[in-house]
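Scope of the values below: all heavy atoms of this structure, side chains included, with no hydrogens, waters or symmetry mates. Labels below follow one simple rule: chain letters A, B, ... track the order of the sequence lines, proteins then strands, and each chain is numbered from 1.
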Amino acid sequence: MHDLKDLRTRPDYYKDKLSKRDKSLVLLFEEILKLDQQKREIQAKADELRKKKNDIADEIGRSKDNKDKVETLKKEGTDVNSKLAEIEKGEMDLTHKLIEKAMWLPNIVCDSVPEGEDETKNKEISKWGNPRIENWVKPHWETGIKLGIFDFERGVKIAESRFTVLSGMGAKLERALMNFMLDNAATKGYKEIFPPILVNKDSMTGTGQLPKFDGDFYKCENEFLYLAPTAEVPLTNLHRDEVIPLEQLPVKYCAYTPCFRREAGAASKDTRGIIRQHQFNKIELVKITSVETSDKEHEELTKDAEEILQKLELPYRKTLLCTGDIGFSAMKCYDLEVWFPSQNTYREISSCSNFGSFQARRTNIKYKPNPKDKPQFVHTINGSGLAIGRTLAAILENYQTEKGTVLVPKVLQGYLGGAKEVS
RNA sequence: GGAGAGGUGGCUGAGUGGUCGAAAGCGGCAUCCUGCUAAGAUGUUGUAGGGUCAAAAGCUCUACCGAGGGUUCGAAUCCCUCCCUCUCCGCCA
């Protein structure tokens, strides 16, 4: 959500920026400006009538003894009210339309974000590790089935496709990854949170999932609750409608949560394996910062996520998403992509975004830069640190031996009673 | 699930139909004062939207007393619905 006042003061700036994301957004923008104009006009009329109404009421209060005068004024009041009712209806109508449209406007991207229509225009920032290129490496699902740690059929039996059962060492590895990542985040000063996994509509709207992406999420029938698609939603909304004292910034949270996504638009993508599931586990890192430090904190959060991959010794690369690939609410976003030998390619395992004040406006989270200042909106930042299922899949490929067993990364061995190999 | 109580500004808390955006206290901010500290004096202090203005300041209008409706010329105050909190009882991991 943008500041409407700013929108109308420098429309050319917004049109230019929005068109870089998607040309059709300019039309939406112009529609919003027009609605804003109409809304302000009708509001002026309504305000005027409301003033008249108040004046009449006050006048009656003052002239209680004069019966004739009161009667006349009452009639006048009734007249004003009937006019006002009509205008207020239009006012409400326009306000709703305006807000509804404005909620569909994505964030403005940073100048540093490369222009481009799709992921092919993302910019590679760096690479880490040596990707193994060996044609005998089996896809993670084959190894997982062979080792008896994935059970795809029973996942489907219990739920439906894109649900998988982890068993034995599979379950243990998942839990070891969870603990390792949370422990690592703790050393970086992130406070661990265990939030509700079901979240309400206000929360989903606050972080930008709604209204645009309704349909991508599971929702409870007859309830106003959604299954959170990411812990970003509950964590950021912890501070909705709050003014955070300056000395508490930056606020840093981490959380393990299961995440639920319908994957509605991904019908034929990644149907095999555990890369794209309806339910997956994730450690999320969230920061709430002042405007001045947000850029620096974003870089650091990304490094915190990278460090997990480095400690797990998984080769990865870091890309800066282009205007056509970056998320709705983000103004700048790095993706971390881990190497998958069986696919001979890098696949996304973390997405670290700076949202600027975009989410803060929707969630109404503020801080005072100085005690005397008026509260202003914070910046919010978040990233996966990391997606656990994808990390497990990457381990099954990058740590695979020619025998078909899987070595346990050093940093996880302590979480698994010293186990060095899954066979 | 049953019974009751309640939701007012950053906080505490008054206000049961008219000049209430809301007393009082606390806190915050500013100035002054006392050799420092503690204390004291005075003033000031909500949010959002609109108008005016080149812009800011200022001025001004409107809305907001959990949310949404209703009654009335006029609602924090009366009526209805919903949400939330607390207490007791029941049930339960």
### side chain to side chain contact (heavy atoms under 4.5 Å, CB included), paired with A:T143, selected from A:V406, A:I149, A:V422, A:T405
A:V406

#### Entry: Rounded distance in Å - CD (A:E76) to P (B:rC73)
13 Å

### Task
Could you check how far NZ of A:K51 sits from P of B:rG51, rounded to whole Å?
18 Å

#### Entry: Complement of B:rG58, any strand, by Watson-Crick or G-U distances under 3.5 angstrom
B:rU52

### Query
Can you find a side chain N or O atom of A:N54 that sits less than 4.0 Å from OP1 or OP2 on B:rA63?
yes

### Summary
Mate of B:rA41 across any strand shown (Watson-Crick or G-U wobble, both atom pairs under 3.5 Å) is B:rU31

### Message
Once you apply a heavy-atom cut-off of 4.0 Å, does A:K366 come out as touching a base, just sugar-phosphate, or nothing?
### Response
sugar-phosphate

### Query
Across all strands, who's sitting opposite B:rU72 as a Watson-Crick or G-U wobble pair, both distances under 3.5 Å?
none

### Donor-acceptor pair, side chain of A:R240 and main chain of A:T363, under 3.5 angstrom
no

### Task
Please list, chain by chain and in numerical order, all residues satisfying ring-ring contact (aromatic ring centres under 6.0 Å, His included) with A:F180, sequence neighbours excluded.
none

### Task
For B:rG10 versus B:rA67, give the span between their P atoms, rounded off to a whole number of Å.
13 Å

### Query
For B:rC64, which nucleotide in any strand shown is its Watson-Crick or wobble partner with both distances under 3.5 Å?
B:rG46

### Summary
CD (A:E307) and CD (A:Q310) are apart, to the nearest 0.5 Å, by 6.5 Å

### Query
In whole Å, what separates the C1' atom of B:rU34 from that of B:rG40?
9 Å

### Spacing of A:R62 atom CZ relative to B:rG17 atom P, expressed in whole Å
20 Å

### Query
Is the backbone N or O of A:I274 less than 3.5 Å from a side-chain atom of A:H140, with the two atoms forming a donor-acceptor pair by type?
yes

#### Entry: Nucleotide of B:rU47, B:rC73, B:rG51 approaching A:P375 most closely (side-chain heavy atoms)
B:rU47

#### Entry: A:Y218 and A:H278: side chain donor to acceptor below 3.5 Å
yes

### Message
Measuring only the C1' atom in each nucleotide, how far is B:rG2 from B:rU12? A whole number of Å is fine.
### Response
33 Å

### Query
Can you check the A:E48 CD to B:rU62 C1' distance for me, whole Å?
12 Å

### Message
The side chain of A:D47 is closest to which nucleotide in this list: B:rU47, B:rC61, B:rG18?
### Response
B:rC61

## Note on the structure
Any strand, both distances under 3.5 Å, Watson-Crick or G-U wobble: B:rU85 pairs with B:rA5

### Query
Distance between the P atoms of B:rA23 and B:rC65, in whole angstroms?
15 Å

### Query
For atom P, what is the distance between B:rU52 and B:rG68, given to the nearest Å?
29 Å

### Task
Searching all strands shown, indicate the nucleotide that pairs with B:rG90 (Watson-Crick or G-U wobble; both distances under 3.5 Å).
none

### Distance, C1' atom - from B:rA30 to B:rU71, rounded to whole angstrom
47 Å

### Query
Rounding to a whole Å, what distance do you find between A:E242:CD and B:rC11:P?
11 Å

### Query
Can you tell me how far C1' in B:rA22 sits from the matching atom in B:rG9, rounded to whole Å?
9 Å

### Message
Should the side chain of A:K64 and the base of B:rG18 be counted as holding a donor-acceptor pair, with the cut-off at 3.5 Å?
### Response
yes

### Query
Given atom NZ of A:K39 and atom P of B:rU62, what is their separation to the nearest angstrom?
16 Å

Contacts under 3.5 angstrom, residues 166-174 of chain A side chains, donor-acceptor by atom type, not counting sequence neighbours:
unit_1: A:S167; atom_1: OG; unit_2: A:G148; atom_2: O; d: 3.1
unit_1: A:E174; atom_1: OE2; unit_2: A:N281; atom_2: ND2; d: 2.8

### Span that lies between the P atom of B:rU77 and that of B:rU19, in whole angstrom
14 Å

#### Entry: Whether over 12 other heavy atoms sit under 6.0 Å from A:K45 NZ
no

### Task
For atom CG of A:D118, decide whether the heavy atoms of other residues, nucleotides or ligands shown that lie under 6.0 angstrom number more than 12.
yes

### Query
For the pair made of CE in A:M1 and P in B:rA48, what is the distance, rounded to whole Å?
14 Å

#### Entry: Minimum-distance nucleotide to A:R8 side chain [options: B:rG50, B:rA63, B:rC73]
B:rG50

### Query
Roughly, in whole Å, what's the span from CD in A:E91 to C1' in B:rG50?
10 Å

### Query
Is the phosphate of B:rG74, meaning OP1 or OP2, less than 4.0 Å from a side-chain N or O of A:N81?
yes

### Query
If you pin A:L73 and A:K374 to their nearest nucleotides in RNA chain B, which one's is more 5'?
A:K374

### Query
Is there a donor-acceptor contact under 3.5 Å linking the side chains of A:Q277 and A:T164?
yes

### Summary
Mate of B:rA14 across any strand shown (Watson-Crick or G-U wobble, both atom pairs under 3.5 Å) is none

## Note on the structure
From the candidates B:rC73, B:rA48, B:rA63, the one with an atom nearest any side-chain atom of A:R50 is B:rA63

### Task
Using a 4.0 Å cut-off on protein heavy atoms (strictly under), produce a 5'-to-3' string for nucleotides 64-72 of chain B with B for base contact, S for backbone-only sugar-phosphate contact, and - for none.
---------

### Query
Between A:I60 and A:Q43, who's closer to the 5' end of RNA chain B by nearest nucleotide?
A:Q43

